[in-house]
Amino acid sequence: MDVGFDPVHLRVFTNHLSGDAGPWLEYVGERSLRTRLQSSIVDSELEFLREFKTGPIAHHLNLGASYRFKTIAWDYLRGDGEPIDEHHFAAFLQEDARLGKFGLVGSLRMDRHPLVPITQTLSPRGALIFRAFPRTSLRLSGGTSFRSPTFLESYLELEQPTAADGYYVMTEGDEQLLPERILSGELGLRDESSRFHTADVAVFVNQVTNLID
């Protein structure tokens, strides 16, 4: 569902996945890894948009909040197939201000993850844009974002058979994992001065930390 009542926008969707899985081949007598998987997501987002001016400065303001419910039942995870539920909340703010040839965009997103401290989910971003000519602009931007651990990375608990009779390898997830983070910066030039071309040249650097192996 996607509806808008100016200046409010509401989006809601749901996904469901179910099926059987397992290896193509198994040794006779070994512990079977065949499994049944059921997973569902319900996602909703409410956004408020407003345009206004303060003197010569034009503003475009976005405010929003979201909620996501995630559940999975899978005997490869802790609980031997009992459903694992997660409730995710988020809030975000973005301000786009314009004054003459200059534009400034700033945003901040904050997520409430059931396993991750809120201090690890803050995601600020900013960009400064200078329109040197009517269809040519320079931009300088920077920001950070994150990828939270998946159900598999957090809750995995799987006994994998080995070639030796009676011996298994236990593979486990970690509920204390920190999210992967990326810090990025970019300097770019965009030119649309001719109807025959659009050119975008950028120099950027990214630093990724807390990689999950």
Side-chain angles (χ1 to χ4, degrees), residues 1-18 37-51 59-74 76-79 82-97 103-129 139-157 172-186 204-213:
M1 180 179 69
D2 196 320
V3 294
F5 302 95
D6 193 31
V8 178
H9 176 224
L10 174 64
R11 174 186 56 80
V12 181
F13 72 86
T14 181
N15 288 330
H16 179 72
L17 169 68
S18 63
L37 168 68
Q38 295 192 41
S39 176
S40 297
I41 294 174
V42 179
D43 187 282
S44 61
E45 181 178 281
L46 181 65
E47 185 178 13
F48 173 80
L49 312 174
R50 186 184 177 193
E51 296 183 358
H59 301 268
H60 187 99
L61 181 65
N62 289 44
L63 295 170
S66 67
Y67 165 72
R68 172 173 284 198
F69 171 72
K70 301 168 65 177
T71 182
I72 186 169
W74 189 18
Y76 282 12
L77 306 181
R78 288 170 197 161
E82 290 298 314
I84 298 175
D85 299 337
E86 286 189 350
H87 300 272
H88 297 252
F89 301 87
F92 57 89
L93 163 68
Q94 177 170 301
E95 159 73 344
D96 184 345
L104 180 64
V105 181
S107 66
L108 177 65
R109 180 183 172 98
M110 179 175 62
D111 287 75
R112 178 67 179 91
H113 188 286
L115 300 179
V116 178
I118 201 167
T119 55
Q120 296 290 327
T121 69
L122 295 175
S123 301
R125 299 180 183 179
L128 177 63
I129 302 167
R139 68 181 181 276
L140 176 65
S141 62
T144 181
S145 60
F146 73 98
R147 182 189 75 83
S148 58
T150 64
F151 275 115
L152 201 65
E153 292 162 340
S154 297
Y155 303 109
L156 181 66
E157 189 174 270
E172 294 185 304
D174 186 354
E175 296 183 31
Q176 303 301 315
L177 286 172
L178 294 178
E180 296 180 343
R181 296 202 66 91
I182 184 170
L183 177 65
S184 61
E186 180 180 302
F204 60 89
V205 60
N206 295 321
Q207 181 186 32
V208 180
T209 55
N210 295 336
L211 278 173
I212 298 173
D213 297 327

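What you see is a predicted model, and the numbers here were worked out from it, not measured in a lab.
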| task | Return yes if some donor-acceptor pair links the side-chain N/O of T14 with the main-chain N/O of I41 below 3.5 Å, else return no. | result | yes

| field | Point-to-point distance, once rounded to the nearest 0.5 Å, from OG of S40 to CG of N15 | value | 9.0 Å

| message | I'd like to check I212 versus E153 (side-chain heavy atoms, cut-off strictly below 4.5 Å). Are they in contact? | response | yes

| field | Flag, side chain of H16 to backbone of S39, donor-acceptor distance under 3.5 Å | value | yes

| said: I'd like to know whether L49 forms a side chain to side chain contact (heavy atoms under 4.5 Å, CB included) with D6, so could you lay out the CA-CA distance, the side-chain angles of the two residues, the decisive distance to 0.1 Å, and finally the verdict. | reply: CA-CA 8 Å; L49 312 174; D6 193 31; 5.7 Å; no

| remark: Scanning both residues in full, the closest heavy-atom pair of E180 with N210 reads CG-O, 3.2 Å

| field | Min side-chain heavy-atom separation R147-R181 under 4.5 Å | value | no

| field | For N206 against S184, the heavy-atom pair lying closest together | value | OD1-CB, 2.9 Å

| Where is the tightest heavy-atom contact between H113 and P149, given as atom of each residue plus distance? | NE2-O, 4.3 Å

| field | Short side-chain to backbone donor-acceptor contact, T144 and I182, under 3.5 Å | value | yes

| Hey, does the side chain of T121 reach the backbone of I118 with a donor-acceptor pair shorter than 3.5 angstrom? | yes

| Would the number of heavy atoms belonging to other residues, nucleotides or ligands and lying under 6.0 Å from CD of E172 be above 12? | yes

| Does R78 CZ have over 12 foreign heavy atoms under 6.0 Å away? | yes

| Nearest heavy-atom neighbours spanning R139 and I129 | CB-CG1, 4.2 Å

Name every donor-acceptor pair, under 3.5 Å, that has one atom in a side chain of residues 83-94 and the other anywhere in the protein, sequence neighbours excluded.
| from | atom 1 | to | atom 2 | distance (Å) |
| --- | --- | --- | --- | --- |
| D85 | OD1 | T71 | OG1 | 2.6 |
| E86 | OE1 | H88 | NE2 | 2.8 |
| E86 | OE2 | Y155 | OH | 2.8 |
| H87 | ND1 | Y67 | OH | 2.8 |

| query | If every non-hydrogen atom of V3 is compared with every non-hydrogen atom of H9, which pair is closest and at what distance? | reply | O-CD2, 3.1 Å

| query | What is the distance from atom CD of E186 to atom OG of S141, rounded to the nearest 0.5 Å? | reply | 4.5 Å

| said: Looking at F69, I'd like to know if its CZ atom is crowded, meaning that more than 12 non-hydrogen atoms belonging to other residues, nucleotides or ligands lie closer than 6.0 Å. | reply: yes

| task | With the side chain counted from C-beta on, respond yes when Q38 and L17 share a heavy-atom pair under 4.5 Å apart, and no when they do not. | result | no

| task | Would you mind checking if E45 and R68 are paired as a salt bridge, meaning a charged N to carboxylate O distance below 4.0 Å? | result | no

| Nearest 0.5 Å, what's the CG-CG distance between L211 and L178? | 12.5 Å

| Side-chain donor-acceptor pair present, E51, H59, cut-off under 3.5 Å | no

| request: Using a 4.5 Å cut-off on heavy atoms from C-beta on, say whether the side chain of P7 contacts that of R50. | output: no

| task | Could you tell me which non-hydrogen atom of S145 sits nearest to which non-hydrogen atom of S123, and how far apart they are? | result | CA-OG, 3.8 Å

| query | If you round to the nearest 0.5 Å, how far is OG of S66 from CG of D43? | reply | 6.5 Å

| Would you say L104 and D96 make side-chain contact, with heavy atoms under 4.5 Å? | no

| request: Not counting sequence neighbours, list each pair that qualifies as a salt bridge (Lys or Arg N to Asp or Glu O under 4.0 Å) and has a residue in residues 111-121. | output: R109-D111

| task | Using a strict cut-off of less than 4.0 Å between a Lys/Arg side-chain nitrogen and an Asp/Glu carboxylate oxygen, indicate whether R11 and D2 qualify as a salt bridge. | result | no

| task | List the steps and the verdict of side chain to side chain contact (heavy atoms under 4.5 Å, CB included) for L183 and V205. | result | CA-CA 8 Å; L183 177 65; V205 60; over 6 Å; no

